[in-house]
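Notes follow the structure.
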Number of protein chains: 2
Amino acid sequence: MKTSTTSTTYEAILETAYRLFAEHGFDKTSMAIIAKEIGISKPALYYHFKSKEAIIDVLFDEICKSITFANFFSIEQYSKDNFEEKLIVDGLSIIQSQTEDEYYSRIMHQYQALGYRNPKYMQKLIESLDGFTTGFHELLRHGVSLRVVKDGDTLAHAQMLTMIIDGIDNFMTYGFQCRYDKIWAKTVKSIVRGE
Amino acid sequence: MKTSTTSTTYEAILETAYRLFAEHGFDKTSMAIIAKEIGISKPALYYHFKSKEAIIDVLFDEICKSITFANFFSIEQYSKDNFEEKLIVDGLSIIQSQTEDEYYSRIMHQYQALGYRNPKYMQKLIESLDGFTTGFHELLRHGVSLRVVKDGDTLAHAQMLTMIIDGIDNFMTYGFQCRYDKIWAKTVKSIVRGE
DNA sequence: GTCTATAGCCTGATAGAC
DNA sequence: GTCTATCAGGCTATAGAC
C-alpha cells in the first residue's frame with residue numbers, strides 16, 4: 001500500500017477507503033463517509049467502483065501483491081557466508097515494513113475475519129501463507145545444499161518461520177512490548193543450527 | 001464456551017449469538033436474526049440484554065475467562081523429570097481444545113478487530129496475552145531453578161512460546177496443513193535445551 | 001465525471017398490551 | 001417474560017440532470 005501522491009479520484013478513493021476501513025472497519029465505514037472524506041458525492045464514488053465490495057476487493061489484491069515472499073527474500077543472494085545473518089536481516093525488514101504502515105495489520109485482521117465467511121478472501125490468505133512457507137522451504141533447502149543449514153524437517157521449520165513472522169506482526173500491532181528482534185533471531189538460529 | 005445444555009432463555013441467547021457471530025460476524029448478525037433463531041421475539045431479547053453490545057461484551061468476558069494460562073498449565077505439577085514433556089503435552093492440549101470449538105478462532109478474530117477501535121476490548125486482549133507470557137515466564141524460571149531449563153533470556157523465550165501457541169491456532173483455523181505438534185515440540189525443546 | 005434527490009431495505013431499539 | 005407493532009435513522013445503490 002501507500003501510493004505516493006494522490007493524483008486521480010480513483011487513487012484517492014482507494015487511499016481514503018484503506019485508511020477509513022482500517023480505522024473503523026468495513027461495516028462501519030459507509031460509502032457516504034468515504035465520499036465525504038474525499039470531497040466528492042456518493043454517486044461519483046459509484047462511478048469508479050460498482051460497489052463497496054469492489055473497493056474492498058481491489059484493496060485486498062493490492063495488499064496481497066505487496067506481501068509476497070519474493071518481495072523480502074531473494075534466494076539467489078543467500079550464500080554460505082551470509083546465510084544466517086541475511087535471513088535474520090531480511091526477516092526484520094518485513095517487521096520493519098509493517099511498522100511503517102500503521103493500518104496494515106488492522107485491515108488485515110478484517111480480511112482474515114472475512115475469510116472465514118467468504119472463500120474468495122480465504123483462498124488468497126491461504127495462498128499468501130503458502131507463499132511464505134514454500135519460500136522459506138526453498139530457502140532452507142538451499143541452505144542445506146550449501147551445508148550451512150543443518151538438515152532436518154525443513155518443511156516444519158519453514159512453517160515455524162512463517163508462524164513467527166505472522167505472530168510478531170500480530171503482537172506488534174497491539175503495542176505489546178517484546179524483544180521482537182531477539183525472538184526472530186533466536187528462531188532463525190535455532191532452525192539453521194538445528195536445535 | 002460451550003455451555004452444556006440450554007436451559008434458560010438467557011443461556012440460549014448467549015449460545016446462539018456466539019454461533020451466529022462466529023459464522024456471520026457481529027455486524028451481519030442482527031438482533032432480529034438471533035431472536036428468530038431461538039424462536040423468541042426481538043423485544044424478548046432486549047429484556048435479557050439491554051443492547052447488542054451487551055451480548056458481545058458478556059460473550060467476550062466468558063471467552064477470556066476460559067483461556068487463562070492457569071487453565072492449561074499448573075506450575076506446581078512441573079518437576080525435573082517431567083518438565084519438557086509436560087510443557088509439550090500441556091501446550092498441545094490448548095491446541096486440542098481450540099480444535100474442539102470450531103467457532104473460537106473465528107469470533108476471536110473479530111474481537112481482535114474490535115480491539116483496534118475500542119480500548120475496552122484491546123485491554124482484555126492484551127491482558128490475556130500478558131497472562132500467557134507471564135505464565136510461561138514463571139514456568140521457565142521454575143524450570144531454570146530445577147536446572148532442567150537452560151538459563152537465558154526467559155522473558156523472550158516466554159514471549160516466543162506465546163507467539164507460537166497463538167500462531168498455531170491462527171494457522172489451524174484456516175485449515176492450513178501443518179505438523180503443529182512437531183512445531184510446538186521443536187519450539188519447546190529449542191527453548192528448554194537452550195538453542 | 002460529478003451532481004441532487006430518492007428509492008428501498010434493514011437496523012437497533014422501544015411502547016404498550018398480555 | 002414475552003408479544004405485536006412501530007419508529008427513526010442509516011445503509012447500498014441508482015435515476016436522471018449537467
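Proteins come first, then strands; the chains are lettered A, B, ... in the order of their sequence lines, and each starts at number 1. Keep in mind that this is a model prediction, so the values were computed, not measured.
- Exactly one of A/Lys150, A/Lys189, A/Lys186, A/Arg193 qualifies for a salt bridge (charged side-chain N to carboxylate O under 4.0 Å, His left out) with A/Glu84. That residue is A/Arg193.
- Taking atom NZ of B/Lys28 as the reference point, atom C1' of D/dT12 lies 11 Å away to the nearest angstrom.
- Rounded to whole Å, the distance from CZ on B/Phe26 to P on C/dT11 is 16 Å.
- Residue A/Thr9 has no polar side-chain atom (N or O) positioned under 4.0 Å from OP1 or OP2 of C/dG1.
- B/Leu139 contributes atom CG, which lies 11.0 Å from atom CD of B/Gln77 (distance to the nearest 0.5 angstrom).
- Taking the six-membered ring where the residue is Trp, B/Phe69 and B/Phe73 present parallel rings, their angle staying beneath 30° rather than reaching 60°.
- Here the rule is salt bridge (charged side-chain N to carboxylate O under 4.0 Å, His left out) with A/Asp57, and of A/Lys120, A/Lys52, A/Lys50 only A/Lys120 fits it.
- Residue A/Met31 contributes atom CE, which lies 20 Å from atom P of C/dC9 at whole-angstrom precision.
- At the phosphate of D/dG10, neither OP1 nor OP2 sits under 4.0 Å from any side-chain N or O atom of A/Ser30.
- No close placement of the A/Phe21 and A/Tyr103 rings is indicated, their centers lying 6.0 Å or farther apart.
- Heavy-atom nearest nucleotides on DNA chain D were determined for A/Ile33 and for A/Lys50, and the one closer to the 5' end corresponds to A/Ile33.
- The NZ-P distance, from A/Lys52 to D/dT12, rounds to 4 Å in whole Å.
- Using a 4.0 Å cut-off on heavy atoms, the residues of residues 34-49 of chain B that approach DNA chain C are B/Lys42, B/Pro43, B/Tyr46, listed by number.
- Residue B/Tyr174 forms a ring-ring contact (aromatic ring centres under 6.0 Å, His included) with just one option from A/Tyr116, A/Tyr121, A/Tyr111, and that option is A/Tyr116.
- Across the protein-nucleic acid pair, B/Glu53 atom CD and C/dT11 atom C1' stand 15 Å apart, rounded to whole Å.
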